[in-house]
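Notes for the one structure printed next.
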Amino acid sequence: MEGRILIADGMPTQRIILKARVAETGFAVDQADTLGAALRACAAAVPDLVILSDALDPLGGPAALTRLRAVAGMENVPIIALSDDDTRA
């Protein structure tokens, strides 16, 4: 299977776990540890999917999504936003 997935998470252990699981599917996996690194990676080569931690942007997930969508070619790329918000009941 061909395709590229970007995992953007500031926690190294999360990135490693996600990369191991996603790589098993045959997709190529890129990683970013900051929102800036994710934006640069998307500008360099638009991925087929982004798995995004909402903790990468101090303003929260929606702000990070808006910034990613502003990168040329990212308008229709699926983005899965992960949240570690444990305040939900």
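Ala32 is linked by a side-chain contact (heavy atoms from CB on, under 4.5 Å) to Leu6, Ala8, Ala37, Ala38, counting only residues two or more places apart in sequence or in another chain. By the side-chain contact (heavy atoms from CB on, under 4.5 Å) test, Val71 pairs with Leu39, Cys42, Ala43, Met74, sequence neighbours left out. Residues that satisfy the side chain to side chain donor-acceptor pair (under 3.5 Å) test with Arg40, not counting sequence neighbours, are absent from this structure. Evaluation of the side-chain contact (heavy atoms from CB on, under 4.5 Å) rule for Ile16 yields no partner, not counting sequence neighbours. For Arg69, the side-chain contact (heavy atoms from CB on, under 4.5 Å) partners are Val77, Ile79, not counting sequence neighbours.
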Q: Tell me, with the steps shown, if Leu82 and Leu52 meet side chain to side chain contact (heavy atoms under 4.5 Å, CB included).
A: CA-CA 6 Å; Leu82 303 177; Leu52 172 72; over 6 Å; no
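Put simply, OG1 on Thr13 and CZ on Arg15 are 8.5 Å apart, with the number rounded to the nearest 0.5 Å. Distance check, rounded to the nearest 0.5 Å: CD of Gln14 to OG of Ser53 gives 8.0 Å. From Ile7, atom CD1 reaches atom CG of Leu18 across 5.0 Å, with rounding to the nearest 0.5 Å. To the nearest 0.5 Å, atoms CZ (Arg21) and CD1 (Ile51) are separated by 11.0 Å.
Under the 4.5 Å side-chain contact rule for hydrophobic residues, Ile80 and Val29 share a cluster.
A heavy-atom distance below 4.5 Å is found between the side chains of Pro78 and Leu49.
Judged as a salt bridge (charged side-chain N to carboxylate O under 4.0 Å, His left out), the pairs with a partner in residues 25-38 (not counting sequence neighbours) are, in order, Arg4-Asp30.
Not one N or O on the side chain of Glu24 forms a donor-acceptor pair closer than 3.5 Å with the backbone of Val22.
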